[in-house]
Undergrad: 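Here it is: the structure, laid out below.
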Amino acid sequence: MESAHYFSASPAGPFTRKPLTVELAGETRKLQTSSGIFSPDGIDKGTAILLAEVPAPAPQGNLLDIGCGWGPIALTMALRAPHAQVYAVDVNERCVALTNGNAELLGLSNVAASRPEDVDPEIRFDTIWSNPPIRIGKDELHSLLLLWLPRLAPGGSAWLVVQKNLGSDSLQRWLAGALDDSFTVSREGTSKSFRILRVRKASR
């Protein structure tokens, strides 16, 4: 794990694309990965649990993947909701390039990966999926979640997968206190060493 590098905008070392074969949305997909990103060799445990356990994303509207890496969450959303527009954000420029490139390899025209500041702040999201980058530190994580979760559309839900020993329960309590009364925060499941948290925006 190059944990010191994959949170930087421009990781050290050459950006060399390598083949990656994984299963996404029930089929084997041939994609690309590289060094200097999170989980470069496949789908990490937390993301695998999120993809297996949460309900299908909204079939249309705007969907969001926070911290996209090489794209497993965003690509799955796009495959499962072909009539929705999927936004994927990451501070790491390699992740942005890989997610856009992998969407192109799969023929997906409904994926747009970018740095966070390049997403129109007026856009509201019907579904957010994320394996959030807990290891960036509590303050940075809180700022990241407060940047995106308030952008849920009325009736929309965010699904987060967080490892128990990395503070999932304290994060759930913090979210419940940090978001306003139009949001509800709940624990929707536990799988292995991970919790699945749901943040829901009231319909009106």
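Everything numeric here is computed off the predicted structure, so don't read it as measured data.
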Undergrad: Does Glu104 have more than 12 heavy atoms from other residues, nucleotides or ligands lying within 6.0 Å of its CD?
TA: no
Undergrad: Can you tell me if Lys18 has over 12 outside heavy atoms packed within less than 6.0 Å of its NZ?
TA: yes
Undergrad: Is a side-chain N or O of Asp126 found less than 3.5 angstrom from the main chain of Asn62, in a donor-acceptor match?
TA: yes
Undergrad: Hey, quick one: are Phe38 and Val96 part of the same hydrophobic cluster, counting side-chain heavy atoms closer than 4.5 Å, chains of contacts allowed?
TA: no
Undergrad: Identify the heavy atoms of Ala78 and Leu108 that sit nearest to each other, and give their distance.
TA: CB-CD1, 3.9 Å
Undergrad: Any link between Ile134 and Leu146 through a network of hydrophobic side chains (Ile, Leu, Val, Met, Phe, Trp, Tyr) touching at under 4.5 Å?
TA: yes
Undergrad: Is atom NZ of Lys30 surrounded by more than 12 heavy atoms (other residues, nucleotides or ligands) closer than 6.0 Å?
TA: no
Undergrad: Which value, rounded to the nearest 0.5 Å, describes the distance between Leu175 atom CG and Ser170 atom OG?
TA: 9.5 Å
Undergrad: If every non-hydrogen atom of Arg94 is compared with every non-hydrogen atom of Ile37, which pair is closest and at what distance?
TA: CB-CG2, 3.9 Å
Undergrad: Keeping Trp159 on the side-chain end and Thr127 on the backbone end, is there a donor-acceptor pair under 3.5 Å?
TA: no
Undergrad: Could you tell me whether the side chain of Thr33 reaches within less than 4.5 Å of the side chain of Asp41, counting heavy atoms only?
TA: no
Undergrad: Look at the side chain of Asp90 and the backbone N and O of Ala113, then say whether any donor-acceptor pair between them is shorter than 3.5 Å.
TA: no
Undergrad: Are the side chain of Asn102 and the backbone of Gln32 linked by a donor-acceptor contact shorter than 3.5 Å?
TA: yes
Undergrad: So, taking the atom named CG in Leu197 and the one named OG1 in Thr190, what distance separates them when rounded to the nearest 0.5 Å?
TA: 9.0 Å
Undergrad: For Phe194, is there any backbone N or O sitting under 3.5 Å from a side-chain donor or acceptor partner on Ser191?
TA: no
Undergrad: Between atom CD of Glu188 and atom CZ of Arg200, what is the distance when rounded to the nearest 0.5 Å?
TA: 10.0 Å
Undergrad: Going hydrophobic residue to hydrophobic residue with side-chain gaps under 4.5 angstrom, can you get from Leu152 over to Val185?
TA: yes
Undergrad: Does the side chain of Thr16 reach to within under 4.5 Å of the side chain of Ser34, using non-hydrogen atoms?
TA: no
Undergrad: Take the angle between the ring planes of Phe125 and Trp148 and call it parallel below 30°, perpendicular above 60°, tilted in between.
TA: perpendicular
Undergrad: So do Thr184 and Arg198 actually touch side chain to side chain, heavy atoms under 4.5 Å?
TA: no
Undergrad: Evaluate Val162 against Asp169 for side-chain contact (heavy atoms from CB on, under 4.5 Å), listing each step before the verdict.
TA: CA-CA 9 Å; Val162 183; Asp169 294 347; over 6 Å; no
Undergrad: Please assess Leu141 against Trp174 for the test side-chain contact (heavy atoms from CB on, under 4.5 Å), listing each intermediate value before the final yes or no.
TA: CA-CA 11 Å; Leu141 176 68; Trp174 175 80; over 6 Å; no
Undergrad: Taking the side chain as everything from C-beta on, heavy atoms only, tell me whether Ile123 gets closer than 4.5 Å to Leu64.
TA: no
Undergrad: Which pair of non-hydrogen atoms, one from Ala74 and one from Val111, has the smallest distance, and what is that distance?
TA: O-CG2, 4.4 Å
Undergrad: Mind checking whether Leu63 and Trp129 have side chains closer than 4.5 Å, heavy atoms only?
TA: no
Undergrad: For the residue pair Pro57 and Ala81, what are the closest heavy atoms and their distance?
TA: CG-CB, 4.1 Å
Undergrad: Between Ser182 and Lys201, is a side-chain contact (heavy atoms from CB on, under 4.5 Å) present by the stated rule, with each step listed?
TA: CA-CA 6 Å; Ser182 66; Lys201 171 77 170 178; 2.9 Å; yes
Undergrad: Taking the side chain as every heavy atom from C-beta outward, state whether Arg151 and Pro121 have any atom pair closer than 4.5 Å.
TA: yes
Undergrad: Could you state whether Ile49 and Val54 fall into the same hydrophobic cluster, counting links through intermediate Ile, Leu, Val, Met, Phe, Trp or Tyr residues with side-chain heavy atoms under 4.5 angstrom apart?
TA: yes
Undergrad: Let me confirm one number: the CG-CG distance from Leu50 to Leu160, rounded to the nearest 0.5 Å.
TA: 8.5 Å
Undergrad: Measure the CD-CZ distance between Gln172 and Arg195 for me, rounded to the nearest 0.5 Å.
TA: 8.0 Å
Undergrad: Would you check if the side chain of Thr47 reaches a backbone N or O of Asp44 as a donor-acceptor pair within less than 3.5 Å?
TA: no
Undergrad: For Pro154, is there any backbone N or O sitting under 3.5 Å from a side-chain donor or acceptor partner on Arg124?
TA: no
Undergrad: Please report the shortest heavy-atom distance between Gly42 and Ser39, naming the atom on each side.
TA: O-OG, 2.8 Å
Undergrad: Walk me through it: do Leu24 and Leu31 pass the test side-chain contact (heavy atoms from CB on, under 4.5 Å)?
TA: CA-CA 11 Å; Leu24 293 178; Leu31 306 173; 3.9 Å; yes
Undergrad: Do the side chain of Thr99 and the main chain of Gly69 share a donor and acceptor less than 3.5 angstrom apart?
TA: yes
Undergrad: Side chains of Pro132 and Ile66, heavy atoms from C-beta outward: is any pair under 4.5 Å?
TA: no
Undergrad: So which heavy atom on Trp70 is nearest to which on Leu75, and how close?
TA: O-CD1, 4.4 Å
Undergrad: Test: salt bridge (charged side-chain N to carboxylate O under 4.0 Å, His left out). Region: residues 72-85. Which pairs qualify, not counting sequence neighbours?
TA: none
Undergrad: State plainly whether one hydrophobic cluster holds both Leu51 and Val161, where clusters connect Ile, Leu, Val, Met, Phe, Trp and Tyr through side-chain heavy atoms under 4.5 angstrom apart.
TA: yes
Undergrad: Going by heavy atoms in the side chains, are Arg29 and Leu106 under 4.5 Å from each other?
TA: yes
Undergrad: Report the distance from atom CD1 of Ile128 to atom CE of Met77, rounding to the nearest 0.5 Å.
TA: 8.0 Å
Undergrad: Between Asn110 and Val86, is there a donor-acceptor pair closer than 3.5 Å when you use the side chain of the first and the backbone of the second?
TA: no
